[in-house]
Each structure stands twice: as C-alpha cells, then as structure tokens.
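Only heavy atoms go into these numbers, but all of them, side chains included; no hydrogens, no water, no symmetry mates.
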Amino acid sequence: MPVQETATEVLLTHPANKDTSVSILKYGATVLSWKLNGEEQLWLSTAAKVDGSKPVRGGIPLVFPVFGKNEHDELLSKLPQHGLARNSTWEFLGQVKDSPPTVQFGLNEKLANPELHALWKERFNLILTVELGDDFLKTAIEVENPSTARELQFNWLFHTYLRIPDIDGTMVSNLVGTKMYDSLLKETMVDKHPVVTFHEEFDSVYQNVAPDRVVQVVNQGKPLHTVKRVNLPDTVVWNPWVEKAAGMADFEPKTGYKQMVCIEPGHVHELVHLAPGEKWAAAQILSKDALNYQAI
Ligand code: BG6
C-alpha cells in the first residue's frame, strides 16, 4: 500500500522500492522521516513531542506566517516564534497522484490552533503537497488569500533538519558571495567564505540567494544532501551547538547537534504580500546529487 493513514500520521512508501518512504504527522503537517533506500535523511530528536503538545523538534516543521519573532509588524508581532502552522493540526486531503506517490494536507483559519489564530485573525488557505520520488522528496506549498478586501502578509519557510554523520567535517556549499544576516551578531554582511563550516552556534539568514544556486551539504568530501528551491529566495542555516542544544528540553540526545544541520529554504527576509483572491506557490526539493560547486 503506497499510502497508509492512521489517526495521527500518513505514511507513503515508494511502489518500486519499499525502503524509500516518508511519514508525515498531521500535527503541523510535519515530515518526521524520509528514508531513501533504507537510509534516514532527516534528523529527529529522540525527545521530540509528536502528541501535539508542541512543535516537533526535527523533521521538516512548517513556518507560517512569521519567521522567528517579528518585532515590527502590528499583526504578526503578536504570534509566537515561527507562527501557527507548525502547532496546528492539518487536514489530510488524500492522495492526488499515484506515481510518484503524492499527498496533500490543508490548513485554514478555521482549522488552525484557535489560541494562536486569535492573535492573528487573518483568513488563509494553505495546501501542502508531499511528493515521494524514487530519489527525491518534494514539499510544495500553495498559499491562497481568500479575502476579497485585505492583503495577506506572511513569511514561509521549510525548517528542514538534515541528518549528517558528524558536524565536524561537514560544510555547506554554494552560498559564497551572498548577503547574510547573522542572527547571533545581529549584523548583515556578505559571506566571503568559500563554504560554511561549523565550530560554534551558527544562525544566519542568507538573503536573495540566486534561484539557480543549489545548496549542498557535504561531509568529508561526500555530497550528502542537495536542497533546491522554487520561489524561495532565502536560506537559513542553523546549528544550535552545545549550549543552545542543552537549553532545549526537547533536544535529545544533547550531543545530537553533531548529527544535524538545518538548511531552511524560505521567504523570510521580506514578507510576501498577497493581494485578495491571489495565490502564491513555492517548493523545496531534497535529493542526493553529485557534487556541484557553483561558486567558490
Ligand atoms: C531557526 C532560527 O530557524 O530556528 C533559530 O534561525 C531558532 O534562531 C531555530 O533558534 C529553532 O527555533 P525553535 O522555535 O524551533 O526553537
């Protein structure tokens, strides 16, 4: 059975390869696991809550309508960090394609977590499409503004936790020359490093990354993950390192920061402005491609 649904999760198995699968929690429409030929590609904390009591620590949480904490926007500033999509239970809309197996989930203001929606009373329709290829995982989002009068303003981001064997010896390529906001230093600069490497906490928003730049995670010279973006200009790179990991109750094992790096394609540097009745669409495609240094 390529698609199995339980009360809380949806599991897709590739019809040509039973060892390639994806599981999605209805809470947050959070991808929990993506296995390619039996090998897990995502990092999930062993203490992650999957009971709907808080957003999932790991996998692919969905960030909408605000990235981080917005201090300026009158409406968005009332919402908690990363918004309301990752802490709302989405509706499973069913399978929309057999090959590759593809399913959809929906969220709108009626389904959203009522306590959070009370803080940001906008109308919206979200459709998440998850497509399990034989060698890729595509997550696509469509945002519709159903209002006939009001513009919808939002951020979108796929908060992807990628699994790696060791943060030592891991680098992230193809971001050189890009303007980045270092969230720890609170400074904007152009990253001149040929590749991103990790020696301490890292938390930066790479802005307006050229659409054809394909971000790759490389360990000991071996390309592990390729992240392609559709209509997502920004990419956040995050590793919490020792102290931040220690401070997160749901981050386990505490040494788990060595086995993960977040590469988060999004539209976060600026808000998307969506006119009444309009739709906006974007996607992330994860795969394991050959090394492709586009810029050093
Ligand atoms: C990243 C942010 O996207 O998410 C970090 O850049 C943040 O600043 C991290 O710490 C995790 O956020 P949260 O809300 O899931 O703990």
task = List the atom of Ala245, the atom of Pro240, and the distance in Å for their closest heavy-atom pair.
result = N-CB, 4.0 Å
query = Would you call Glu109-Arg123 a salt bridge at under 4.0 Å N-O?
reply = yes
key: Between Asn17 and Asp134: side-chain donor-acceptor atoms closer than 3.5 Å   = no
task = Give a yes or no on whether the ring-centroid distance for Phe154 and Trp120 is below 6.0 angstrom.
result = no
ask   = Are Asn219 and Thr170 linked by a side-chain donor-acceptor pair shorter than 3.5 Å?
value = yes
ask   = Looking at Lys35 and Asp19, does any basic side-chain N land under 4.0 Å from a carboxylate oxygen?
value = no
message = Taking atom NZ as the centre, does Lys97 end up with more than 12 heavy-atom neighbours from other residues, nucleotides or ligands that are less than 6.0 angstrom away?
response = yes
ask   = Near His273 NE2, under 6.0 Å, is it more than 12 heavy atoms from other residues, nucleotides or ligands?
value = yes
ask   = Would you call the rings of Trp241 and Tyr257 parallel, tilted or perpendicular, where under 30° means parallel and over 60° means perpendicular?
value = tilted
Neighbour count above 12 (heavy atom, 6.0 Å) for Lys179 NZ = no
request  = Begin with the C-alpha distance, continue with both residues' side-chain angles, and end with the deciding distance and a verdict on salt bridge (charged side-chain N to carboxylate O under 4.0 Å, His left out) for Asp289 and Lys228.
outcome  = CA-CA 11 Å; Asp289 293 7; Lys228 296 186 186 121; 2.9 Å; yes
Between side-chain atoms of residues 196-206 and protein atoms elsewhere (two or more places apart, or another chain), which donor-acceptor pairs fall under 3.5 Å?
from	atom 1	to	atom 2	distance (Å)
Thr197	OG1	His199	NE2	3.1
Tyr206	OH	Asp191	OD2	2.7

message = Walk me through whether Tyr27 and Val50 qualify under side-chain contact (heavy atoms from CB on, under 4.5 Å).
response = CA-CA 8 Å; Tyr27 183 74; Val50 290; over 6 Å; no
ask   = Per the side chain to side chain contact (heavy atoms under 4.5 Å, CB included) rule, which among Leu62, Thr30, Leu111 passes with Trp90?
value = Leu62
message = Salt bridge check, Lys26 against Glu5: does any charged N sit closer than 4.0 Å to a carboxylate O?
response = yes
Donor-acceptor side-chain pairing of Glu71 and Ser77 below 3.5 angstrom = no
query = Nearest heavy-atom pair of His14 and Pro101: which atoms, and what distance?
reply = CD2-CD, 4.1 Å
SB check Arg150 Glu122 (cutoff 4.0 Å) = yes
Going by atom type alone, with no hydrogens or angles, which donor-acceptor pairs under 3.5 Å involve a side-chain atom of residues 261-269 and a protein atom two or more places apart or on another chain?
from	atom 1	to	atom 2	distance (Å)
His267	ND1	Glu270	O	2.9
His269	ND1	Gln207	NE2	3.3

ask   = Any chance NZ of Lys78 has more than 12 other-residue heavy atoms, nucleotides or ligands included, within less than 6.0 Å?
value = yes
request  = For Lys254, look at atom NZ and say whether over 12 heavy atoms of other residues, nucleotides or ligands are found less than 6.0 Å away.
outcome  = yes
task = Please check if any side-chain donor atom of Glu252 sits under 3.5 Å from a side-chain acceptor atom of Thr46, or the reverse.
result = no
query = Do Val3 and Gln95 pass the side-chain contact (heavy atoms from CB on, under 4.5 Å) test, and can you show the C-alpha distance, the side-chain angles, and the key distance before you say yes or no?
reply = CA-CA 7 Å; Val3 178; Gln95 184 170 6; 3.3 Å; yes
key: Side-chain H-bond candidate by donor/acceptor type, Gln294 with Asn174, under 3.5 Å   = yes
